[in-house]
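Notes follow the structure.
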Amino acid sequence: MKSIVSFFKKIRDVNNKSTDRRNKKELISSKLAVNLNRIKEIFVYPKNQDFKIRKISIKSISRVGVILYLNGMVDSKKVEEHIINPLQEEPCNDEKLTNIDLINKVINVSIADEIDTFQEIKKKILDGRTVLLVDGSRKAIYMDTVGFSYRNVEKPTAETVVKGPKESFSESTQVNRSLIRKQLRNEKLITEIMSVGESSPLDISIMYIDDIASPDLVKKIKKRVQDIKADVVQNIAILEQHLEERPYSLVPTVLYTERPDRVAAFLQEGHVVLVDNSPAALVLPVTFWSFFQTAEDMYQRWAYGNFIRLIRLLALLTTLLAPAAYIAMTNFHENLLPTDLLLAITATRENVPFPVIIEVLLMEISFELIREAGIRIPNTIGPTIGIVGALLIGQAAVDANVISPIIVIIIALNGLSSFAIPNTSLNYMIRIMKFIFSFSAYLFGYLGISISLTVTLSYLASIKSFDVPFLSPLSPYYPSSGDTIIRPPVWKQWLRPLNIYPQDKQRKEKVEGDDSND
Amino acid sequence: MKFIKLIIFLIIVLFISGCWDRSELERQAYIVAIGLDQGRDKNVEVTYLIANPQGGGGPEVGTAQGEPPSEVITLEVPDIVAGLDLLNATVPREINFGHISTLIISEKFARGEQLIYNLDAAIRERQTGRKTFVIVSKEKASDFIRGNKPLLETRANKFYDFMRIRLKKIGIVGPAKLHYLLKRTESKDELFLAAYATVAKKEGKGKKQGYEDDYLPGEIPKKGGNPTQIIGSAVFKEGKMVGRLTGEETRLALLLRPHYKTASMIFTFPDPISKGYRVTMRLKKHRDSELKLDLSEDDPNIKTTISIVAHILAIVSGNNYTDNLQKQELLKKSIEDSLENKIKDLIDKTQKDFRGEPFLWVLEARKKFTTFSEYRNYNWIGRYPYAKVEVKVEVDLKGFGKQVTPTGHRID
């Protein structure tokens with residue numbers, strides 16, 4: 001007993017110590033040599049080849065200074081031209097110049113400011129800034145010289161559209177934020193920066209429109225981000241998993257999107273967006289509709305947009321239910337089939353040695369295999385996998401009487417439908433659930449399917465993403481523009497979805513001729 | 001921990017749950033038609049037509065060369081359902097009743113007392129459907145099923161399915177669902193019209209001149225093809241066959257039904273000008289007929305008006321009924337008279353021979369009563385034979401085809 005108590009005590013002590021160490025602020029002294037030693041200690045200097053220390057004599061104030069930066073994180077040309085050159089070249093001989101004056105008068109960098117603790121110095125250098133220590137000063141200057149390399153803005157790979165913007169996020173916060181601001185020129189669009197992770201912190205930009213997003217929601221999200229207890233959060237994809245409320249659930253509650261235009265649309269409805277150096281942004285809170293809809297639904301004209309939505313709904317249901325319905329029909333409800341179809345299916349099944357469930361599982365698993373292999377395979381041999389897979393598993397298996405041809409039709413249809421589900425998270429969810437549905441159909445036929453469907457729908461109706469019910473505004477009902485399964489024409493969408501609790505409920509005045517939402 | 005519990009629970013469900021109803025498709029034998037004959041004593045002779053999924057037609061993968069499309073087995077058992085297990089003495093698969101689309105009853109058995117109780121047994125079995133097409137065959141049902149050799153259809157069920165749909169459309173056979181037979185037997189006030197059929201032994205021998213539809217099965221002057229002839233109706237009263245109607249009589253009976261609608265019935269009528277010739281037309285009934293019932297007196301008074309649209313298909317006599325309005329009027333009148341006379345004969349037949357009506361007038365009569373017992377006390381079927389019936393036919397000559405005037409037409 002005693003030992004257990006002491007064990008916990010120890011753990012607590014360790015915890016306290018570590019938090020102490022992190023929270024303690026170490027101020028900069030006025031002696032350059034002391035400061036330099038401390039910094040060398042922090043960055044393990046002579047060993048770490050990427051850490052650069054450059055001594056310079058600052059002509060303008062006739063003092064010695066040191067420039068610190070991490071190689072590869074800064075744009076060295078910028079450091080040379082805008083920091084080192086001005087500092088060394090412009091004699092001014094006014095010894096009373098302070099750091100502020102240096103910033104104001106000498107350095108040619110757009111962002112620069114004073115800092116006074118070692119923690120800040122460490123953080124700034126790690127973020128790709130250059131820090132200037134001046135002898136005799138208790139403050140250091142940091143200058144924005146971020147210059148690490150990232151991809152150009154490219155086309156989205158997962159959320160492609162035919163009509164609409166073709167930009168996607170890239171691996172730079174700066175670029176990502178600029179892409180969003182380009183789409184949404186609103187003076188009330190706020191960017192707040194928070195850092196997550198303890199040993200190597202990650203800067204997250206929290207963006208929202210100040211007079212639309214609900215303050216409670218923003219507060220809650222900020223708190224959730226703050227509460228993340230993790231040593232390292234590598235990027236947005238990991239952050240997503242830290243943020244969600246039900247980590248074991250099949251249902252995603254945070255939207256991961258690579259499209260700046262979608263993000264802008266969500267911001268205008270009052271959602272909050274998290275951005276960092278990742279090729280995607282997180283949108284929260286979200287509803288089922290956010291996963292089901294695509295950007296193109298809105299870009300295409302009313303009829304076309306709704307047409308593709310209905311097709312996708314059909315695809316979603318086919319993916320979920322086609323194998324299950326086939327199993328139920330052939331195992332329990334053969335009297336539901338038209339006699340001709342029944343005889344045709346029976347005829348092809350007569351030589352097949354497996355029961356239907358094995359046939360379906362065999363093909364489903366093969367298809368998932370092709371799919372996974374298709375993603376992991378090196379690009380050069382990618383196209384072959386489809387041909388090999390289709391030929392080998394489809395035709396040959398039928399010829400060998402291992403499976404019946406109708407199974408190939410069902411699985412092919414099912415696979416094709418699954419590609420029409422736009423969001424990767426929703427896609428995985430439906431694909432995993434189709435196995436559950438198939439199995440319940442195998443056990444109880446249509447009764448099993450209806451039980452599974454009831455359970456699924458009740459579960460979806462019960463979960464929430466940051467206090468927003470997952471199936472709202474459809475159920476529970478909230479006033480909105482009705483943009484759920486189908487959407488009204490653009491001019492009728494004057495009301496923001498109230499399930500997100502926006503401060504400003506209307507996008508514009510109610511238009512004449514719109515008799516909905518009365 | 002909760003998760004593990006859930007998984008254990010699900011695994012247990014797998015083992016204890018019932019899938020007793022499950023059976024794979026290929027382990028079942030699908031009976032598509034059943035024949036009923038009188039057996040020895042109180043037994044029935046049941047003929048099962050079992051479809052062979054691999055027999056003929058279908059995709060390459062699912063076809064077994066040389067297998068026949070169906071298997072016909074006759075058993076003598078106490079009732080239809082009793083044979084289910086006995087059938088397994090020869091058939092290795094589970095017997096499935098769910099796809100029976102046709103029920104064939106021999107005329108001899110249909111006229112007996114036993115039929116309705118046998119059908120009752122079949123309906124009690126949950127698999128059998130009430131949509132089954134009821135055919136009464138002149139010969140033994142087993143002979144009919146064995147003698148029926150459809151040449152166009154390979155699959156066993158298709159011939160009967162297509163026949164049912166097509167015959168219903170053209171009206172030479174009524175909508176003969178098993179459901180109606182049971183319903184009308186229960187209500188006791190209506191007659192049921194089953195399809196009437198035979199496998200004709202002698203080809204091409206017509207007993208009489210029946211023109212386009214006035215035949216009973218076996219009477220059609222026809223050569224070649226499948227020997228089966230399905231035309232006309234077997235009339236059932238209280239679950240027993242009491243008489244028969246020719247194809248034409250069946251059509252007229254259907255036309256008399258107030259809500260019956262049809263898109264196409266080809267009729268021929270005697271040419272009012274040139275004796276011996278006939279005019280062919282397609283009759284359509286788009287509207288409900290008017291039906292007025294007066295039940296205040298002892299004998300019901302029935303007045304009905306049937307409006308029919310006629311399209312002329314052929315004028316073999318060459319008379320100009322298309323341009324000449326006077327002739328048209330003559331033709332119209334003659335058609336109306338001809339139809340009215342035929343209908344009158346039919347009504348006489350139902351009143352005298354069957355003592356009941358297959359025209360569903362009872363549904364209209366029932367509306368006249370406030371309570372069911374009042375209606376029962378009125379005894380519709382008992383009064384119908386004495387009813388005064390007035391039938392009026394209104395023909396509207398509409399279509400004259402693409403060729404308006406007769407090609408070689410005489411100038412008049």
Side-chain angles (χ1 to χ4, degrees), chain A residues 246-249 326-360 394-409 435-436 439-448 451-452 455, chain B residues 2-3 6 10-11 13-33 49-64 67 69-70 93-94 96-102 126-129 131-132 153-162:
Chain A
R246 302 191 184 215
Y248 290 111
S249 172
Y326 179 71
I327 291 171
M329 205 108 81
T330 51
N331 273 333
F332 289 92
H333 316 286
E334 59 279 332
N335 295 349
L336 274 182
L337 292 165
T339 309
D340 270 327
L341 180 61
L342 172 91
L343 292 177
I345 297 176
T346 311
T348 57
R349 275 201 48 78
E350 283 199 359
N351 294 331
V352 175
F354 302 117
V356 170
I357 179 82
I358 300 287
E359 260 189 303
V360 170
Q395 198 50 47
V398 170
D399 287 347
N401 275 334
V402 177
I403 51 161
S404 54
I406 190 141
I407 283 285
V408 180
I409 301 174
F435 286 101
I436 300 174
F439 226 70
S440 44
Y442 172 69
L443 291 180
F444 305 109
Y446 275 142
L447 178 68
I451 290 172
S452 305
V455 170
Chain B
K2 242 161 105 189
F3 195 62
L6 186 74
L10 284 177
I11 291 173
V13 164
L14 276 192
F15 287 105
I16 62 171
S17 62
C19 357
W20 314 116
D21 282 346
R22 188 180 66 238
S23 51
E24 298 290 338
L25 291 183
E26 70 277 12
R27 307 218 173 142
Q28 301 181 45
Y30 302 98
I31 297 178
V32 291
L49 177 67
I50 303 169
N52 175 12
Q54 288 198 322
E60 205 184 321
V61 190
T63 314
E67 276 189 28
S70 57
R93 302 181 186 188
E94 190 190 325
N96 184 311
F97 261 38
H99 284 269
I100 297 178
S101 61
T102 314
R126 64 178 177 148
Q127 281 190 342
T128 44
K131 272 168 76 179
T132 312
E153 265 60 58
T154 319
R155 283 211 193 285
N157 61 309
K158 269 202 168 164
F159 174 78
Y160 295 110
D161 285 352
F162 288 2

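In what follows, chains carry the letters A, B, and so on, assigned in the order in which the sequence lines appear, proteins first and then strands, with residues in each chain numbered from 1.
- Between B:Glu26 and A:Thr346, the shortest heavy-atom distance links the atoms CA-CG2, 3.7 Å.
- Between chain B and the options A:Val356, A:Ile345, A:Asp340, heavy-atom pairs under 4.5 Å are most frequent for A:Asp340.
- In this structure, NZ in B:Lys2 is found 11.0 Å from OH in A:Tyr248, a value given to the nearest 0.5 Å.
- Counting all heavy atoms, side chain and backbone alike, A:Ala347 lies closest to B:Pro53 at CB-O, 3.3 Å.
- In terms of heavy-atom proximity, B:Gln54 sits nearest to A:Asn351 at NE2-ND2, 3.7 Å.
- No donor-acceptor distance shorter than 3.5 angstrom exists from the side chain of A:Arg349 to the backbone of B:Leu25, with no hydrogens or angles considered.
- Closest heavy-atom contact between A:Pro355 and B:Glu24: CB-OE2, 3.1 Å.
- Evaluated for a side chain to side chain contact (heavy atoms under 4.5 Å, CB included) with A:Thr339, the options B:His99, B:Lys158, B:Arg155 yield exactly one hit, B:His99.
- A salt bridge does not link A:Glu334 with B:Arg27: none of the charged nitrogens is closer than 4.0 Å to a carboxylate oxygen.
- The distance from atom CG of B:Asn96 to atom CG of A:Asn335, rounded to the nearest 0.5 Å, is 4.5 Å.
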